[in-house]
Amino acid sequence: MSKVDLKQLFNGLQQQMSAQLNTNREFIDHPGSKGDALENAWIDWLRKYLPNRYCVDKAIVIDHEGNTSQQMDIVIYDNWFTPFIFTQNGFHYIPAEGVYAVFEVKPDIQGNVGEKTYIEYAGEKIESVRVLKREAASFINGGIKFTPRPLTKIVGGILCSTNGFTHKNNDTIEKHIKALDNLQSIDLGCIADYGSFYIDYNPSEEITIVGQDAYLEFYANRKFNKMKFSEAGHSFVTFFMQLTRYLQQAIGTIPAINLNAYLKNIGEEVDEQI
């Protein structure tokens, strides 16, 4: 039986992923365009490597009561159980039920927006999505009707090009991440030239009770356990693998959207049976 060198294949994938990201942003020199270029580079990168079932865009997330999140640099969302996306004046408005993950994009993990650190700022933006009200509906799979499923967790993260903090240890980054709790907690991130990371929380089990209250209670009880960094030379591969793990095996399929919860805002409804 012949064998292939998996280490070599992973190293090749890392180089390919790095080249994809760098090619998409290296020729942008205008200061006002660099932020958009970096966000677009990560969006194109995710679109290239994630399966087609996942859509990736800059967007604002909305709920059926009209509440909105802050504008998110990256939203990974469903295009199967979420049949409509509003687009007005160039902005996408995505129903909260369809969201798998959201990310903040920054050039450096170290930095500030006003008095807030980039990490704190990312946590606040993630919270603005997680706090939105979601209402699941029943759905049919394989000819069998299933009752509404419990709300899924929404992955939150931060994506950066470099690390301006000390490289001697990760204590400073961990301190900032650990300070975030509840709906602001960050799940994972990637610092392109330094390494990817994920945060392990307790409890980590699935949400088993239907409804917003059980979902909010899960995050309220969530406590930081540990933070794990990859090697710098494996940053993209390990981030991609961790994100894929969360999307496919920790979340799976997002809840089906309750269309009537949205339509009642215009005094309409759809028939739920045929």
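All values below come from the heavy atoms of this structure, side chains included, with hydrogens, waters and symmetry mates left out.
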So that I can tick it off, tell me whether D57 and R47 are bridged by a salt bridge, with the cut-off set at under 4.0 angstrom between side-chain N and carboxylate O. yes

Output yes when K153 and D187 qualify as a salt bridge under the 4.0 Å nitrogen-oxygen rule, no when they do not. no

Option from I60, V129, V61 for which side-chain contact (heavy atoms from CB on, under 4.5 Å) with V75 holds: V61

Ring centers of F86, H92 separated by less than 6.0 Å: no

Proximity of F165 and H176 rings by center, below 6.0 Å: yes

With heavy-atom distances below 4.5 Å as the criterion, would you say the side chains of Y100 and D78 are in contact? yes

Centroid separation under 6.0 Å, is that true for the rings of Y198 and Y246? no

Are the side chain of N260 and the backbone N or O of V270 linked by a donor-acceptor pair below 3.5 Å? yes

Row check, Y121 ring normal vs K116 NZ/CZ: under 6.0 Å, within 45°: no

Could you label the plane-to-plane angle of the W42 and F236 rings as parallel, tilted or perpendicular, counting under 30° as parallel and over 60° as perpendicular? tilted

Just say parallel, tilted or perpendicular for the rings of Y49 and F240, cut-offs at 30° and 60°. perpendicular

Counterpart residues, side chain to side chain contact (heavy atoms under 4.5 Å, CB included), relative to E65 (two or more places apart): D63, N67, K133

Side-chain donor-acceptor pair under 3.5 Å between D108 and T162, yes or no? no

